[in-house]
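Some notes on the structure that comes next.
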There are 2 protein chains.
Amino acid sequence: MGGGGLKQVQRQTGVALWRQIADRIREAISSGTYDETGMVPPETVLALQFGVNRHTVRSALAALTQEGIVRAVQGRGTLIERKERLNFPITRRTRFTAGIGDQAREMRGLLLDEAKEEASVEVARWLDLKPGEQVIRLETLRHADRRPVSKATSWFPAERFAGIGEAYRKHESITKAFAELGLSDYVRATTEVTAAHASAADMADLELTPGAILLIAKAMNTDLDGVPVQYSISRFAADRVQFTIEN
Amino acid sequence: MGGGGLKQVQRQTGVALWRQIADRIREAISSGTYDETGMVPPETVLALQFGVNRHTVRSALAALTQEGIVRAVQGRGTLIERKERLNFPITRRTRFTAGIGDQAREMRGLLLDEAKEEASVEVARWLDLKPGEQVIRLETLRHADRRPVSKATSWFPAERFAGIGEAYRKHESITKAFAELGLSDYVRATTEVTAAHASAADMADLELTPGAILLIAKAMNTDLDGVPVQYSISRFAADRVQFTIEN
DNA sequence: TATGGTTGTCTATATCAATAGACATTTAAA
DNA sequence: TTTAAATGTCTATTGATATAGACAACCATA
């Protein structure tokens, strides 16, 4: 940010030092701090920078190794394996698959669960229905290049979009599923963005470690007449994506 | 999310159980789970729900008490003190002070630091300058009702906006500072949203506890001719705000 | 083939985090 | 006034976290 440089780490606060340090190093890697060498500084240097024991740094690096972000080679140093961050533009024409398509080779969309249920107060408000009207809920998990990127819960008016679960399973894309059901075009009406820690279930599906952060986008899409067609809550692994809003 | 209900907590992962539980309870409070009673469930009930010892729950509640979110009364229970989440709309006409104005009584903007410096590659790219050209950097801290909401680092072309630090200190608002320097109107061009853990410095200024999450908005504003006038990186306490994007 | 720099492994010690149980204190309601 | 339900305090024990120091193993290079 301001002047760069690694800040001191805090003690006795419920977050283990090795995890705080792992988070800092992960952030430094993804912001390109070590791009020149392609390596993390030596353990002794990091220990000095963070003001901790070398063993504590080793715990942090072990966690990053587990995540596949770095790889230590005895005698040489600790090499950086990955550093990409997917950009996800949020506009009227926001589509997950198309938006990410040029940044990853292989896109997958997996249908985890499908259910027909009564609209909650929140869902009804967003879809402009009465609470208790039937909606279809889909739980989907989206990958880019075999790496899980986001998990989403989506609701659709049940009457209009009967069979959308099957269509999604076939095409692995909401846009294509809509098309099969006769909705050839739609637009993003509103998006609310928040951030939070991951739940146990999301943590497992997104292959996150505890303490990891989610970017959460609550979005509502409408057809070209402004009628709501989808309300969704998408949870993104915050260290793998960024949102771009162009006004 | 899906059906509600508190999920199990994870062990041996560098994040203390009491902190994970504090995060869950904080989230439950801000999403209105306990609005009926205005109280958190009894410690013994929480301990059962999370599958931990009562003392661990007490550590979590102690942390929330420290944050001023709850207040325990012996013999009665643990009362909820605060639960608001400020909404921050992101549009072409995004202004911090005006956007929040109707949700809080008292808005303050504090100038922490001011410096004239050479534009880095990143800043130059956003402000459409050459790297090394002079820019003014402001570090600002914004409060709503005496509660810190966001900390921002902003860069301005130095030649055009000489004296903007002094103007901000006087008006406590970027919009009014611009007005004083002859820029009566401006628009938000792009916003990038990410999330990350707070640095030690941001943690202190925003009165956060370790492990707390930041929503980070990198924004670029232009004048009505499309010439960049400001590039800023704002860090928001994620549990106090949400962003709304209307398309 | 030395040598310096790096990661890997081991032992030991102190503090924090979590569990367990017991009992005191306070409040509200029976 | 009694009682149930809730928070407050204390002791004890175990495992995770962090520090400290020493040395082995490995790599690149002079």
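Residue numbers begin at 1 in each chain, while the letters A, B, ... track the order of the sequences. Keep in mind that the numbers below use all heavy atoms, side chains included, and drop hydrogens, waters and symmetry copies.
- A:Pro131 pairs by the side chain to side chain contact (heavy atoms under 4.5 Å, CB included) definition with A:Ala124, not counting sequence neighbours.
- A rotation axis mapping the C1' atoms of four pairs onto the next four is fitted at both ends of the helix from C:dT1-D:dA30 to C:dA30-D:dT1 over five pairs, and the angle between these axes is 20° to 10 degrees.
- In this structure, A:Glu139 contributes its side chain and A:Asp113 its backbone to no donor-acceptor pair below 3.5 Å.
- Spacing between atom CZ of A:Arg58 and atom P of D:dT17 amounts to 16 Å, rounded to whole angstrom units.
- At whole-Å resolution of the value, CG in B:Leu79 and C1' in C:dA28 are 14 Å apart.
- Distance, A:Ile21 CD1 to D:dA18 P: 8 Å, rounded to whole Å.
- Once rounded to the nearest 0.5 Å, the distance linking CD1 of A:Ile29 with CD1 of A:Ile80 reads 4.5 Å.
- Atom CZ of B:Arg19 is separated from atom C1' of D:dT17 by 16 Å (rounded to the nearest Å).
- Residues A:Glu114 and A:Arg137 form no side-chain contact, since every pair of their non-hydrogen atoms from C-beta on lies 4.5 Å or further apart.
- Nearest to the side-chain atoms of B:Asn53 among the listed nucleotides C:dA17, C:dT19, D:dT7 stands C:dT19.
- Under 3.5 Å, the side chain of B:Arg54 and the base of D:dG8 form at least one donor-acceptor pair of N or O atoms.
- The base of C:dT26 is not paired with the side chain of B:Gln74 by any donor and acceptor separated by under 3.5 Å.
- Under the 4.5 Å side-chain criterion, counting only non-hydrogen atoms from C-beta, B:Thr78 is not in contact with B:Val73.
- Regarding B:Arg71, its CZ atom lies at a distance of 11 Å from the P atom of D:dG8, rounded to whole Å.
- A residue-by-residue look at A:Thr56 and B:Leu61 shows that B:Leu61 has its nearest nucleotide of DNA chain D further toward the 5' end.
- The CG atom of A:Leu46 sits 17 Å away from the P atom of C:dG5 (whole-angstrom rounding).
- Annotation: proximity of residues 37-45 of chain A to DNA chain C (heavy atom, distance under 4.0 Å) is found for A:Pro42, A:Glu43, numbered in ascending order.
- We find the CG-NE2 distance between B:Leu214 and B:His197 to be 9.5 Å, quoted to the nearest 0.5 Å.
- Listed nucleotides D:dA28, C:dA28, D:dA20 differ in distance to B:Arg76; the shortest reach to its side chain belongs to C:dA28.
- Minimum interatomic distance between B:Ala22 and B:Ala60 (heavy atoms only, all atoms of both residues): N-CB, 3.6 Å.
- Under the 30°/60° scheme for interplanar angles, the aromatic rings of A:Tyr231 and A:Trp126 are found to lie parallel.
- For D:dG21, its base sits under 3.5 Å from the side chain of A:His55 at one donor and acceptor pair at least.
- Using modelled atom types, one side-chain atom of B:Arg240 and one backbone atom of B:Pro148 make a donor-acceptor pair closer than 3.5 Å.
- Across all strands, A:Thr78 comes closer than 4.0 Å only to sugar-phosphate atoms, never to a base (heavy-atom distances).
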